[in-house]
Protein chains: 2
Amino acid sequence: MDETESKIVAFVLYPGLTALDLVGPLQVFSLLSQFSPINPVVVGATTDPMPSDCIVQLSAGATFDEVPHPFALVVPGGAAPTLKALGDEQLVGYIRSAAESAEIVASVCTGSLLLGAAGLLDGRKATTHWGFYQVLERLGATYVADRWVEDGKFIMSAGISAGIDMALHLAARLTDDATARQVQLVLEYDPEPPFGGIDWTKVDRDLMVPMVNGWLAEGLQDRPQLLTKLGG
Amino acid sequence: MDETESKIVAFVLYPGLTALDLVGPLQVFSLLSQFSPINPVVVGATTDPMPSDCIVQLSAGATFDEVPHPFALVVPGGAAPTLKALGDEQLVGYIRSAAESAEIVASVCTGSLLLGAAGLLDGRKATTHWGFYQVLERLGATYVADRWVEDGKFIMSAGISAGIDMALHLAARLTDDATARQVQLVLEYDPEPPFGGIDWTKVDRDLMVPMVNGWLAEGLQDRPQLLTKLGG
């Protein structure tokens, strides 16, 4: 793949990820590519269809080997499969090496845990899905409960749908505000949550701890050292 | 497929659709299925991977024949490929017959044009992506510029990202507000568009007319009668 003609934005696909974590920002960048020399590509260990956390299967357009040095990397998250993926050396190894040369390293939701597992977040400000903040902190990052958090070349969004907001912000960084607003208009992104926003004063961020610890214990049973580090 | 045990929500997949039109509401219903006997399924003419308008390929879990009578039908939209699909008798025929027995018929973005092509929107209030409202009206519907519009068993959302709002509203209709709010929390749907919402006073809804007419002319060149009806 020619990585010089336009800026390659590599979206990392792995089995069981949360589909919207990938597709939200991907839709933003696909629209952006109509206005600017941005080249989004979905990369995976294989180009065979993979299950997502929804019932739809997704297929990458290229393998990790084919896109070793993307301009930007976007790592989506998920629930149990993402925690299991923390022990996937091929996936984490790709993220580590692609991130080294990338100018932008982004994550959505618990994708930041994969950045942490790659050793990229030590001492950094970071964010993730509200239910997984403890795991992020055990990976050496400092959790910030913002919609998205930037630290150096790293940018991370909160859970699932937050990837859309972060991607629009990134679109503006890569082009300009007017272009990002054009993308927003095509996306018709003028949100009207039927019940309004989330009242965070009523959210217990420790609600999911037992579930998360169970997923870690099951997903990382063959990785005792990592499990000890993350198991709380 | 057993259609009696739980409420099957059939998401219609076809080549070239807008990925987020499908995945936004699908993510909402996948999360809802953890709280309620809802069974989302992606249906297509085939279960082979199909291109979307993003570079990711999507695969259905079942064929149209396998899900003739879903409880609810969700029809995503798209740009040129969706206009071409207005002349796809297999797709439109499935939508027509599944809609007949379904209790809820939903569309996202230009998915409503497919409902119109199936003859389902004559005289109804309806909505679609802002750039395609003329096509919707030529199909006999009355365009309403709301985030989502309900008319009888039909519910239609505005463009692309509006499918998430509509799906959360539907989630509440199918369960209750508290359950829909739980889904919203897991989805972390607390939108913060970087530039705020869309200022509709500055949007020219006729901006895309030349492009839309070109897509119609190209996509429906083998369907002259339909093209004459829709070509303006």
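FYI, side chains are in, hydrogens and waters are out, and symmetry mates aren't considered; it's all heavy atoms of this structure. In this text, all values refer to a predicted model and were calculated from it rather than measured experimentally. Note on naming: letters A, B, ... go to the chains in the order of the sequence lines (proteins, then strands), and numbering restarts at 1 for each one.
Residue with the most contacts toward chain A among B:Val56, B:Ile198, B:Asp53, B:Ile160: B:Ile198 (heavy-atom pairs, distance under 4.5 Å). For the set B:Gly159, B:Ala162, B:Pro49, B:Gly196, the count of heavy-atom pairs under 4.5 angstrom toward chain A peaks at B:Gly159. Interface summary for chain B: among A:Val203, A:Asp177, A:Leu168, the most heavy-atom pairs under 4.5 angstrom belong to A:Asp177. When A:His129, A:Arg147, A:Gln57, A:Met208 are compared by the number of non-hydrogen pairs under 4.5 Å with chain B, A:Arg147 comes out ahead. When the candidates B:Ser59, B:Ala171, B:Ala60, B:Ala79 are compared by the number of heavy-atom contacts under 4.5 Å with chain A, B:Ser59 comes out ahead.
At a 4.5 Å heavy-atom cutoff, A:Leu207 makes no contact with chain B through either its backbone or its side chain. Contact annotation for B:Leu13: neither backbone nor side-chain heavy atoms come within less than 4.5 Å of a heavy atom of chain A. Interface residue A:Ser161: backbone and side-chain heavy atoms are both found under 4.5 Å from chain B. In this structure, chain B has heavy atoms under 4.5 Å from both the backbone and the side chain of A:Pro193.
To the nearest 0.5 Å, the span separating CG on B:Asp199 from CZ on A:Arg181 amounts to 8.5 Å.
Interface residues of residues 184-192 of chain A toward chain B, defined by a heavy-atom distance below 4.5 Å and sorted by number: A:Gln184, A:Leu185, A:Val186, A:Leu187, A:Glu188, A:Tyr189, A:Asp190, A:Pro191, A:Glu192. Identified by a heavy-atom distance below 4.5 Å to chain B, the contributing residues of residues 16-24 of chain A are A:Thr18, A:Ala19, A:Leu20, A:Leu22, A:Val23, A:Gly24, in residue-number order.
Of all the heavy atoms in A:Ile55 and B:Pro40, the pair that sits closest is CG1-O, 3.4 Å.
Residue pairs meeting the ring pair (Phe, Tyr, Trp, His ring centres under 6.0 Å) criterion with at least one partner in residues 37-62 of chain B, sequence neighbours excluded, do not occur; the list is empty.
Listed by chain and residue number, nothing satisfies the ring pair (Phe, Tyr, Trp, His ring centres under 6.0 Å) test with A:Phe71 (two or more places apart in sequence, or in another chain).
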